[in-house]
Structure formats: C-alpha cells, structure tokens
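Please read all numbers here as calculations on a predicted model, not as lab measurements.
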Amino acid sequence: MNNNFELGNSSKKTLFIFALLLGLIVFLSLFYLSNNKEETTKKNILNEERHSRIINIFRVKEEHNYIYIKFSGGEVSNFKYSYKIGDSISKNKGDSIEYIFRGDSIIRNNLFEVNW
C-alpha cells in the first residue's frame with residue numbers, strides 16, 4: 001500500500017493561508033494578554049473584599065506542593081503573602097491595602113507593590 005499524499009497548488013495555498021491565520025490569531029492573543037496582564041491583575045485586586053481569619057496553611061500534593069491557605073469562611077486560596085495561622089485579614093473592595101492583624105500589631109500590605 002502506497003501512502004504518498006500530494007497536494008495541488010490550490011490546496012497548498014489554502015493550507016498556507018489557514019496556517020497563517022491560525023498563527024496570527026495565536027500571536028494577537030498572546031500579545032493582548034501580555035500587554036493587559038497588569039491591568040487585569042489590578043482590577044482583580046480592587047474587586048476583592050476579605051474580612052476573615054486564617055485557620056490553616058497547607059500544601060497540595062496534586063499542585064506540586066504549592067502552598068494554600070484556608071480562611072475562616074471556608075474559602076481556600078493560594079498563598080500570597082507571609083501569612084501565619086491566626087492572622088486576621090481585612091481588605092475593602094476598591095482598596096489595594098490589605099491589613100493583617102497579628103497579635104498586637106497591624107501590618108499594612110499594599111497589594112500593588114507585592115512582587116508576584
């Protein structure tokens with residue numbers, strides 16, 4: 001059985017145009033995402049509101065031992081800052097400042113300045 005497969009000139013041209021359009025879509029998507037990632041991150045930070053206490057810090061083996069934190073409301077989030085169990089977190093919507101209440105001290109954490 002001979003599996004030689006040949007394309008005619010019109011098929012080659014169509015395939016080339018399709019590959020070119022697909023590559024252009026991928027390139028434009030990556031360009032858009034890379035240029036708007038900072039703005040998207042800032043919007044997400046400003047939309048977040050949290051008033052809770054950290055009750056657990058743990059690693060998830062399925063996520064390559066990435067560190068997660070569990071809040072008093074039952075929400076689980078990825079580890080963003082040097083939190084400790086028992087810390088109270090307060091962040092208002094529309095504000096980039098997160099307040100961490102630890103013992104007798106208050107730590108002011110500007111989320112726009114944190115290096116991710």
Side-chain angles (χ1 to χ4, degrees):
M1 179 186 242
N2 195 354
N3 289 330
N4 290 339
F5 184 70
E6 293 185 19
L7 293 174
N9 283 340
S10 64
S11 296
K12 287 180 183 179
K13 187 175 183 180
T14 305
L15 190 59
F16 177 74
I17 291 171
F18 176 74
L20 190 64
L21 287 175
L22 185 63
L24 183 64
I25 290 170
V26 169
F27 174 75
L28 290 176
S29 297
L30 291 174
F31 181 75
Y32 174 79
L33 291 173
S34 68
N35 284 336
N36 292 322
K37 66 182 176 184
E38 187 173 327
E39 188 65 31
T40 304
T41 301
K42 285 184 178 182
K43 283 181 184 178
N44 289 340
I45 288 171
L46 292 175
N47 284 331
E48 185 179 357
E49 182 170 7
R50 173 165 286 124
H51 304 285
S52 56
R53 180 179 293 266
I54 295 177
I55 59 172
N56 195 7
I57 299 175
F58 58 96
R59 293 182 183 271
V60 177
K61 194 178 225 180
E62 294 81 19
E63 296 288 333
H64 306 285
N65 286 327
Y66 197 75
I67 300 173
Y68 282 83
I69 52 178
K70 185 173 183 180
F71 296 99
S72 57
E75 183 184 353
V76 175
S77 178
N78 58 345
F79 194 72
K80 298 178 184 173
Y81 188 70
S82 58
Y83 298 123
K84 294 183 179 179
I85 295 176
D87 287 353
S88 292
I89 308 297
S90 180
K91 185 195 167 303
N92 294 319
K93 189 173 184 175
D95 191 6
S96 67
I97 306 297
E98 173 185 67
Y99 296 96
I100 303 169
F101 300 93
R102 183 179 295 160
D104 293 337
S105 64
I106 300 173
I107 301 168
R108 187 172 182 251
N109 183 21
N110 187 349
L111 297 174
F112 284 168
E113 296 175 356
V114 174
N115 292 326
W116 302 101

Which heavy atom of R53 sits nearest a heavy atom of G86, and at what distance?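 Smallest heavy-atom distance, with atoms named: NH1-O, 2.8 Å.
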Does the side chain of [Y] come within less than 4.5 Å of [X]'s, by heavy atoms?
X: K84; Y: R102; answer: yes
X: E98; Y: I89; answer: yes
X: F112; Y: I97; answer: no
X: H51; Y: E49; answer: yes
X: D95; Y: L46; answer: no

For the side chain of N47 and the backbone of K43, is there at least one donor-acceptor N/O pair under 3.5 Å apart?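 It does hold such a pair.
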NZ or CZ of R50 within 45° of F71 ring axis and under 6.0 Å: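 Geometry flag: set, cation within 6.0 Å and 45°.
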How are the rings of Y66 and Y68 set to each other: parallel, tilted or perpendicular (split at 30° and 60°)?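 Rings of Y66 and Y68: perpendicular, over 60°.
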Tell me whether [Y] is reachable from [X] by hopping between hydrophobic residues (I, L, V, M, F, W, Y) whose side-chain heavy atoms are closer than 4.5 Å.
X: I55; Y: I100; value: no
X: F101; Y: I54; value: no
X: I107; Y: Y99; value: no
X: I85; Y: V60; value: no

Could you tell me whether K42 and E38 make a salt bridge, using a distance below 4.0 angstrom between a side-chain N and a carboxylate O?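 Salt bridge between K42 and E38, a charged N being under 4.0 Å from a carboxylate O: yes.
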Please report the interatomic distance [atom1]([X]) to [atom2]([Y]), rounded to the nearest 0.5 Å.
X: S29; Y: L33; atom1: OG; atom2: CG; answer: 6.5 Å
X: I67; Y: S77; atom1: CD1; atom2: OG; answer: 12.5 Å
X: N35; Y: L30; atom1: CG; atom2: CG; answer: 11.0 Å
X: R59; Y: N65; atom1: CZ; atom2: CG; answer: 6.0 Å
X: T40; Y: I45; atom1: OG1; atom2: CD1; answer: 11.0 Å

